[in-house]
Amino acid sequence: MPAATNPAVAKAALAPPDPGVLLAWYDRHQRRLPWRAPPGARQDPYRVFLSEIMLQQTTVVTVAPYYEAFLRRWPSVEALARAPLAEVLSAWAGLGYYARARNLHACAKAVAERHGGQFPADETALLALPGIGPYTAAAIASIAFERRAAPVDGNWERVLARLFAVSDPLPKARPKLRALALTLLPQARYGDFAQAMMDLGATICTPRKPACVLCPWQSPCSARAEGAPERYPVKAAKVARPTRQGVAFLAVRADGAVLVRSRAPKGLLGGMSEVPSTPWEPNGVAHPGAHAPLQATWTALNATVTHVFSHFALELQLWRADVPAGAPAPDGHRWVTAHDVDAEAFPSVMRKVLAHAQPFFIDPE
DNA sequence: TATCCGTGGGC
DNA sequence: TGCCCAAGGAT
């Protein structure tokens, strides 16, 4: 076996990575992002908080317009704390993982009420707030308050797994990766270092086809020395994604209004607006009509809405009924016109459904 | 520890 | 097209 492909030999031959080298790279190549203060400027903890919550499992490109809209509408944590939850959910609609929006609001209220409107700087105190886990606590502590902390996200994990050729599969390797992260921290500039790791992972040490030739840490990287950096991080096998089926009921009033309701406050799409439907079951439901929200002549549309959630795929058949103007909304339901659709919190799957409710108009894009 | 929890883009 | 991936947290 050639020495370059022998992990033990490769690791033994390399010098440890120098955090100062990464910081120097960051000074030249850092990305300009909407939530990132100019070099040398102090970060607003609220902006760091808002961006970090939005960026959980969500790409920079997707987050950017939502971040700008939230910051414009609620410029401070106290403004956000005063907002009704329904408005926050409506503004969050389309971004996904809606528990984040509920916790964002709960956290803003906690900061306003328990901390006088000032985010705590301490990682442990941050961790006690709703929606703030180990990653986000470390991110706010380091980026907003320059505390010594390692916000180990997917970028950090990938970079660390390659630097040290960690062959244990994720997520089991997390404790080991975190320990390696702590050994790598510089003596200062903790916020810059955190963001440098993220930038490196996002632009150089990418999941596929990493640009090792441009990497400031190419010489100490064990995975590169082995010759196949994309082999890391190793991941556990994924579970299959099942399918569920249901029927959605489009009750359309003569003026174009559509009957909707709000989902239960927690769980899947918790607190969001929806078109009434049967439960979503692996084999659909036996008698969909029994779940119709009102008595009417229901007609099956020749349309199926498909949508993929994180842990199942959904197929929704559409039934439609034309309802007279002035028909009352059943308990727990309400009529929504095109005029006030923007105030509703329709998740993406429901925008797809509503696109079939002519002449009610909504753009599923 | 494992599962639940969205969405859109890239290949 | 199907799969992978993205600045995770709560339970």
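The sequence lines fix the lettering, A, B, ..., with proteins before strands; numbering per chain opens at 1.
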Next on the checklist: Taking side-chain contact (heavy atoms from CB on, under 4.5 Å) as the definition, give me every residue that meets it alongside A:Ala179, ordered by chain and number, with sequence neighbours left out.
Outcome noted: none
Item to check | Distance below 4.0 Å between A:His311 side-chain N/O and B:dT3 OP1 or OP2 | outcome: no
Checklist entry - For the pair made of CG in A:Leu33 and C1' in C:dA7, what is the distance, rounded to whole Å? => result 10 Å
Check nucleotides 8-10 of chain C against the protein and report each pair of N or O atoms closer than 3.5 Å, with its distance, or say if there are none.
unit_1, atom_1, unit_2, atom_2, d
C:dG8, OP1, A:Gly154, N, 3.3
C:dG8, OP2, A:Gln57, N, 2.8
C:dG8, OP2, A:Gln57, NE2, 3.1
C:dG9, OP1, A:Gly133, N, 2.9
C:dG9, OP1, A:Gly133, O, 3.4
C:dG9, OP1, A:Thr136, N, 3.0
C:dG9, OP1, A:Thr136, OG1, 2.6
C:dG9, OP2, A:Tyr135, N, 3.2
C:dA10, OP1, A:Gly131, N, 2.7

Item to check | Sub-4.0 Å heavy-atom contacts from residues 302-310 of chain A onto DNA chain B, ordered by number | outcome: A:His307, A:Val308, A:Phe309, A:Ser310
Checklist entry - Using a side-chain heavy atom cutoff under 4.5 Å and only I, L, V, M, F, W and Y, what cluster partners does A:Val239 have? => result none
Next on the checklist: Suppose we screen for salt bridge (Lys or Arg N to Asp or Glu O under 4.0 Å). Which residues come up paired with A:Glu281, at least two apart in sequence or across chains?
Outcome noted: none
Item to check | Residues forming a ring-ring contact (aromatic ring centres under 6.0 Å, His included) with A:Trp217, sequence neighbours excluded | outcome: none
Next on the checklist: So, using side-chain contact (heavy atoms from CB on, under 4.5 Å) as the criterion, who are the partners of A:Ala24 when residues are at least two apart?
Outcome noted: none
Item to check | Contact residues, residues 260-281 of chain A to DNA chain C [heavy atom, < 4.0 Å] | outcome: none
Checklist entry - ring-ring contact (aromatic ring centres under 6.0 Å, His included) with A:Tyr67: which residues, sequence neighbours excluded? => result A:Trp35
Item to check | Whichever hydrophobic residues join A:Phe249 through chains of side-chain contacts under 4.5 Å | outcome: A:Val247, A:Leu259, A:Leu294, A:Trp298, A:Trp319, A:Val323, A:Trp335
Checklist outcome for this item: So side-chain hydrogen bond (donor to acceptor under 3.5 Å, both in side chains) across residues 92-112 of chain A, not counting sequence neighbours, yields A:Thr58-A:Arg100
At a cut-off of 3.5 Å, list every protein nitrogen or oxygen paired with a nitrogen or oxygen from nucleotides 9-11 of chain B, distance to 0.1 Å.
none

